[in-house]
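Structure first, then comments.
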Amino acid sequence: HDDNLWTLNDNAIYSLYSDEDDNLWVGTFFGGVNVMYRHFNMFEFLLAGSEGYSQDSKVVSSIVKSGDNLYVGTENDGVYVLGKKGLRHMVINSSNSNLTSDNIHSICMDDAGNMWLGSYYGGLFMRRPGQKSFVNFNTDSGKGYRLSSNHVYCVCQDSRGTLMVGTQYGGLYRYDYKSG
């Protein structure tokens, strides 16, 4: 509702996440991240042109929890790492890492602690625990690492530990942890 400051600031919902405290995190297409704290029953806006955040971060495509942090994938600014109560710890993007695309569509933290980022234009990125740089899987990668599309829309690990990667026009990939 336009006349209510405590409602969603955008009607195009892109991603949802419910945390262990039953707070609802809503990634929108043009309103950034909205969070509804269970005890307030109203939304607060984060990453929607707020002070200290980029005004370009209004398209939020993925929200994933790992440890005490939420990882928020944006379609303009890479990944925001938010701590408790939405406080920003850091941003992971092309200006401070070896990512070649800041248009992040999917984030997955696998059982081994690897961070996987599916990007539009840049393919698939993987960072091992304790590492700063990402391994990139794309159409130009060497043998064994090559994808047929640089547009990765979803990355997830199933209940058996299999990592699945969905692309636009390039099909579905299964990652083999033994061979890479």
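Just so you know, residue 1 is the first one in the sequence shown, and it goes up from there.
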- Message: Any heavy-atom pair between the side chains of Asn34 and Thr28 that's under 4.5 Å?
- Response: yes
- Query: What's the spacing between Ser62 OG and Tyr17 OH if we round to 0.5 Å?
  - Reply: 13.0 Å
- By side-chain contact (heavy atoms from CB on, under 4.5 Å), which residues pair with Asp22, not counting sequence neighbours? Ser18, Arg38
- Message: Do Asn103 and Ser101 pair up side chain to side chain, a donor and an acceptor below 3.5 Å, judged on atom types alone?
- Response: no
- Message: Under a 3.5 Å distance rule, please check whether Lys65 uses its side chain to pair with a backbone N or O of Gly67 as donor and acceptor.
- Response: yes
- Task: Applying side-chain hydrogen bond (donor to acceptor under 3.5 Å, both in side chains), name anything that partners Tyr173, two or more places apart in sequence or on another chain.
- Result: Ser148
- Item | Worked verdict on Trp116 versus Phe134 for side chain to side chain contact (heavy atoms under 4.5 Å, CB included) | CA-CA 9 Å; Trp116 295 87; Phe134 288 85; over 6 Å; no
- Taking atom CG of Leu117 and atom CG of Leu124, what is their separation to the nearest 0.5 Å? 8.0 Å
- Query: Has the side chain of Gln157 got a donor or acceptor atom that lies under 3.5 Å from a matching backbone atom of Asp111?
  - Reply: yes
- Query: When the ring centroid of His151 is compared with that of Tyr121, is the distance short of 6.0 Å?
  - Reply: yes
- Message: Checking the side chain of Asp21 only, and the main-chain atoms of Asn23 only, is there a donor and an acceptor separated by less than 3.5 Å?
- Response: no
- Query: Can you name the side-chain hydrogen bond (donor to acceptor under 3.5 Å, both in side chains) partners of Ser133, sequence neighbours left out?
  - Reply: none
- So do Asn93 and Val79 actually touch side chain to side chain, heavy atoms under 4.5 Å? no
- Task: Classify the side-chain pair Asn136/Asn98 by whether it contains a donor and acceptor separated by less than 3.5 Å.
- Result: no
- Item | Test item: Val33 and Val60 side chains (from C-beta on) under 4.5 Å apart, heavy atoms | yes
- For Ser94, which residues count as a side-chain hydrogen bond (donor to acceptor under 3.5 Å, both in side chains) partner, sequence neighbours excluded? Asp102
- Query: Can you name the side-chain hydrogen bond (donor to acceptor under 3.5 Å, both in side chains) partners of Thr100, sequence neighbours left out?
  - Reply: none
- Note on the structure: Output for pair (Ile104 CD1, Asp77 CG), nearest 0.5 Å, gives 10.5 Å
- Item | Any donor-acceptor N or O pair under 3.5 Å, side chains Asp110, Tyr177 | yes
- Item | Aromatic ring proximity Tyr71/Tyr80, centre distance under 6.0 Å | no
Show the atom names and distances, to 0.1 Å, of all donor-acceptor pairs under 3.5 Å that link a side chain in residues 160-167 to residues at least two apart or in another chain.
| unit_1 | atom_1 | unit_2 | atom_2 | d |
| --- | --- | --- | --- | --- |
| Thr167 | OG1 | Gly170 | N | 3.1 |
| Thr167 | OG1 | Gly171 | N | 3.0 |
| Thr167 | OG1 | Gly171 | O | 2.8 |

- Does the side chain of Val26 reach to within under 4.5 Å of the side chain of Leu8, using non-hydrogen atoms? yes
- Is it possible for you to say whether Tyr120 and Leu99 belong to one hydrophobic cluster, with membership spreading through side-chain heavy-atom contacts below 4.5 Å? no
- Task: Kindly indicate whether the side chain of Met115, heavy atoms from C-beta on, has any atom under 4.5 Å from the side chain of Met126.
- Result: no
- Task: Drop me the distance from Ser61's OG to His105's NE2, to the nearest 0.5 angstrom.
- Result: 6.0 Å
- Message: So Asn114 and Pro129, do their side chains get closer than 4.5 Å, heavy atoms only?
- Response: yes
- Message: Using side-chain heavy atoms (C-beta onward) and a distance below 4.5 Å, is Ser106 in contact with Tyr153?
- Response: no
- Apply ring pair (Phe, Tyr, Trp, His ring centres under 6.0 Å) to Phe137 and Phe125, showing your working. CA-CA 6 Å; Phe137 304 88; Phe125 297 92; 8.9 Å; no
- Query: Would you find a donor on one side and an acceptor on the other, under 3.5 Å apart, between the side chain of Ser97 and the backbone of Ile92?
  - Reply: no
